[in-house]
Amino acid sequence: MARTAEKATVPAQAGATKTVRKSYKEIPVGDLHVDQTLDSARLFGTNTAEDAGPATQRKKDAAWTARLMKMWDPFALLPAIVSLREDGRYYLLDGQHSTEVAVEKEGPDFPRDCMVYEGLSDEQEAKLFLAANRDRKAVKPFDIFRVSITAGDPRNTRILAEVESRDLGISGSTSANKIGAVQALTALAVMDEKHAARDESGSLIYPLVLPEGRSPLIPQVLQVVEDAWGRNPATWEGIMLRAIAMVLDRNPGARLDRLSGKLAGHSKRKPITVAQWKESSIANTVGGGGSSSRSAPLAKLIVNEYNTGLTDSAELLIPPGRPDKD
């Protein structure tokens with residue numbers, strides 16, 4: 001049963017025939033519904049239906065829901081925005097996916113704080129949906145990263161510590177001693193986590209415990225690029241960091257000195273720059289691709305260059321995505 005905290009009257013807009021009332025309530029997540037007939041449902045990527053149902057009945061965005069599942073924290077669950085309609089049901093205008101997760105994690109009786117609007121027209125519901133989902137300034141990855149450190153996020157705390165172990169920092173823009181490729185650093189941390197030990201519940205154990213023969217990727221990758229090109233903004237290019245990490249993740253026994261030398265083009269007449277490596281990766285990517293998609297062909301190019309000149313098959317690196325050697 002919903003508990004009302006306070007109630008206020010919202011001034012009616014021109015042409016409105018009903019008074020809109022606003023209140024704050026605790027509502028069991030099982031009582032929060034999603035109206036699949038709303039035009040806004042299309043923005044969730046759902047199919048329309050003739051009737052409405054509980055938020056648990058349909059999966060709206062499997063990838064986003066899965067991400068929320070991993071980072072679930074009841075304390076950090078913000079109030080949902082809901083519309084109390086004439087049928088007596090509460091319909092979600094904002095907070096759909098997190099409500100799904102709350103039902104799965106805590107059960108349908110879990111109380112969620114809600115800002116409840118009563119007496120909304122269809123147009124007003126649509127405006128509130130847009131205000132909650134469209135009319136927001138995007139938060140930059142570094143700003144999220146910085147705040148997460150204060151919040152004690154274990155992954156990002158580890159990322160910062162590993163970067164600082166190389167006497168470097170993380171910033172919103174790249175410089176000689178600051179890395180701005182926050183998303184690339186996160187990708188490297190995730191690669192480590194695939195191999196890390198977990199407890200009985202499946203949660204990662206911190207400090208991170210890696211299998212014998214594996215070391216954290218971030219310090220290794222930063223060492224390789226610095227040895228290859230020194231400290232300058234181009235050195236910390238996200239595509240390159242990802243590609244080298246992919247190579248080392250697939251080949252944890254690779255020689256870092258050989259890798260940095262091959263990247264820099266020490267065996268060539270002219271040095272090879274980060275920009276030249278990037279151009280080669282774009283040329284090998286269908287449609288150009290983004291940072292992540294360009295890293296895969298770049299990683300294969302790096303493996304080919306590393307293997308050039310080696311005669312012992314045991315020293316050859318395996319391209320990412322290729323099965324183990326016989």
Could you go step by step and tell me if Trp277 and Ile302 meet the side-chain contact (heavy atoms from CB on, under 4.5 Å) rule? CA-CA 9 Å; Trp277 279 107; Ile302 292 172; 4.0 Å; yes
Applying salt bridge (Lys or Arg N to Asp or Glu O under 4.0 Å), run through Asp35 and Arg85 and close with a yes or a no. CA-CA 11 Å; Asp35 186 347; Arg85 295 184 184 168; 2.6 Å; yes
Please assess Gln223 against Leu256 for the test side-chain contact (heavy atoms from CB on, under 4.5 Å), listing each intermediate value before the final yes or no. CA-CA 8 Å; Gln223 176 185 335; Leu256 302 188; 4.1 Å; yes
Can Ser203 and Arg198 be said to form a side chain to side chain donor-acceptor pair (under 3.5 Å), step by step? CA-CA 5 Å; Ser203 300; Arg198 296 176 181 268; over 6 Å; no
Under the side-chain contact (heavy atoms from CB on, under 4.5 Å) rule, what do Ile27 and Val116 come out as? Steps first, then yes or no, please. CA-CA 10 Å; Ile27 303 174; Val116 181; 3.9 Å; yes
For Thr308 and Lys262, what are the C-alpha separation, side-chain angles and deciding distance, and is it a side-chain contact (heavy atoms from CB on, under 4.5 Å)? CA-CA 9 Å; Thr308 300; Lys262 286 289 187 176; 4.1 Å; yes
Carefully, step by step, assess Trp72 and Glu104 under the rule side chain to side chain donor-acceptor pair (under 3.5 Å). CA-CA 11 Å; Trp72 172 249; Glu104 293 189 33; over 6 Å; no
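In this structure, the side chain of Thr99 does not engage the main chain of Val29 through any donor-acceptor pair within 3.5 Å. Checked by atom type and distance alone, the side chain of Asn251 never pairs as donor or acceptor with a backbone atom of Gly253 at under 3.5 Å. Of the possible polar contacts, one joining the Gln220 side chain to the Ser215 backbone as a donor-acceptor pair under 3.5 Å is found. Between the side chain of Asn307 and the backbone N or O of Leu317, at least one donor-acceptor pair lies under 3.5 Å.
Residues satisfying the side-chain contact (heavy atoms from CB on, under 4.5 Å) test with Leu128, not counting sequence neighbours, are Leu93, Tyr117, Leu120. Qualifying side-chain hydrogen bond (donor to acceptor under 3.5 Å, both in side chains) partners for Thr174, counting only residues two or more places apart in sequence or in other chains: none. For the side-chain hydrogen bond (donor to acceptor under 3.5 Å, both in side chains) test, no residue two or more places apart in sequence or in another chain qualifies with Asp109. Under the side-chain contact (heavy atoms from CB on, under 4.5 Å) criterion, Pro207 pairs with no residue, sequence neighbours left out. Qualifying side-chain contact (heavy atoms from CB on, under 4.5 Å) partners for Lys140, counting only residues two or more places apart in sequence or in other chains: Asp143. In terms of the side-chain contact (heavy atoms from CB on, under 4.5 Å) criterion, residue partners of Glu164 (sequence neighbours excluded) are, by chain and number, Leu160.
For residues 199-216, every residue pair satisfying the salt bridge (Lys or Arg N to Asp or Glu O under 4.0 Å) rule, not counting sequence neighbours, is listed here: Arg214-Asp249. Pairs of residues two or more places apart, or lying in two chains, that qualify as salt bridge (Lys or Arg N to Asp or Glu O under 4.0 Å) and include a residue from residues 217-229 are Arg166-Glu226, Glu226-Arg231.
Between Tyr91 and Leu84, the closest side-chain pair of non-hydrogen atoms is not below 4.5 Å. Looking at heavy atoms from C-beta onward, Leu301 lies out of side-chain contact with Tyr306 at the 4.5 angstrom threshold. Between Trp236 and Val225, some side-chain heavy-atom pair lies under the 4.5 Å cut-off. Looking at heavy atoms from C-beta onward, Leu92 lies out of side-chain contact with Ile81 at the 4.5 angstrom threshold. Using a 4.5 Å cut-off on side-chain heavy atoms (C-beta onward), Ser260 and Trp229 make no contact. Using a 4.5 Å heavy-atom cutoff, the side chains of Met240 and Val221 are not in contact. Looking at heavy atoms from C-beta onward, Leu78 lies out of side-chain contact with Asp113 at the 4.5 angstrom threshold. Within the 4.5 Å cutoff, side-chain heavy atoms of Val303 are placed close to those of Pro320.
When hydrophobic side chains of Ile, Leu, Val, Met, Phe, Trp and Tyr are connected at separations under 4.5 Å, Tyr206 ends up clustered with Leu204, Leu208, Leu210. With a 4.5 Å cut-off between side-chain heavy atoms of Ile, Leu, Val, Met, Phe, Trp and Tyr, the cluster of Ile205 takes in Val209.
Of all heavy-atom pairs between Pro28 and Pro108, the closest is CB-O, 3.5 Å. In terms of heavy atoms, Ala228 sits closest to Ala264 at O-CB, 3.4 Å. For the residue pair Ala299 and Ala243, the shortest heavy atom distance occurs at CB-O, 3.6 Å. The two residues Glu162 and Pro219 have their closest heavy-atom pair at OE1-CD, 3.8 Å. The minimum heavy-atom distance between Ser281 and Pro297, with the atom names listed, is O-CG, 3.9 Å. The minimum heavy-atom distance between Ser83 and Glu125, with the atom names listed, is OG-OE2, 2.6 Å.
A salt bridge does not link Glu26 with Arg112: none of the charged nitrogens is closer than 4.0 Å to a carboxylate oxygen. Of the charged side-chain nitrogens involved, at least one lies within less than 4.0 Å of a carboxylate oxygen, so that Arg155 and Glu193 count as a salt-bridged pair. Using a 4.0 Å cut-off between charged side-chain N and carboxylate O, Glu315 and Arg258 make no salt bridge. Of the charged side-chain nitrogens involved, at least one lies within less than 4.0 Å of a carboxylate oxygen, so that Arg255 and Asp257 count as a salt-bridged pair.
The distance from atom OG of Ser23 to atom CD of Glu118, rounded to the nearest 0.5 Å, is 7.0 Å. Rounded to the nearest 0.5 angstrom, Leu68 CG and Leu77 CG are separated by 9.5 Å. Taken to the nearest 0.5 Å, the SG atom of Cys114 stands 11.5 Å off from the OH atom of Tyr24. One finds the CD1 atom of Ile244 at 9.0 Å from the CG atom of Leu222 (value rounded to the nearest 0.5 Å).
Note on Ile179: it does not cluster hydrophobically with Ile144, by side-chain heavy-atom contacts below 4.5 Å among ILVMFWY residues.
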Using a 3.5 Å cut-off and no angle test, enumerate the donor-acceptor pairs between side-chain atoms of residues 184-192 and protein atoms at least two apart in sequence or in another chain.
residue : atom : partner : partner atom : Å
Thr186  : OG1  : Val182  : O            : 3.0
Asp192  : OD1  : Leu217  : N            : 3.4
Asp192  : OD2  : Leu217  : N            : 3.1

Hey, can you pull the donor-acceptor pairs under 3.5 Å for the side chains in residues 265-275, sequence neighbours left out?
residue : atom : partner : partner atom : Å
Thr273  : OG1  : Gln276  : N            : 3.1
Thr273  : OG1  : Gln276  : OE1          : 3.4

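When the shell of 6.0 Å around CD of Gln183 is examined, it contains 12 or fewer heavy atoms from other residues, nucleotides or ligands.
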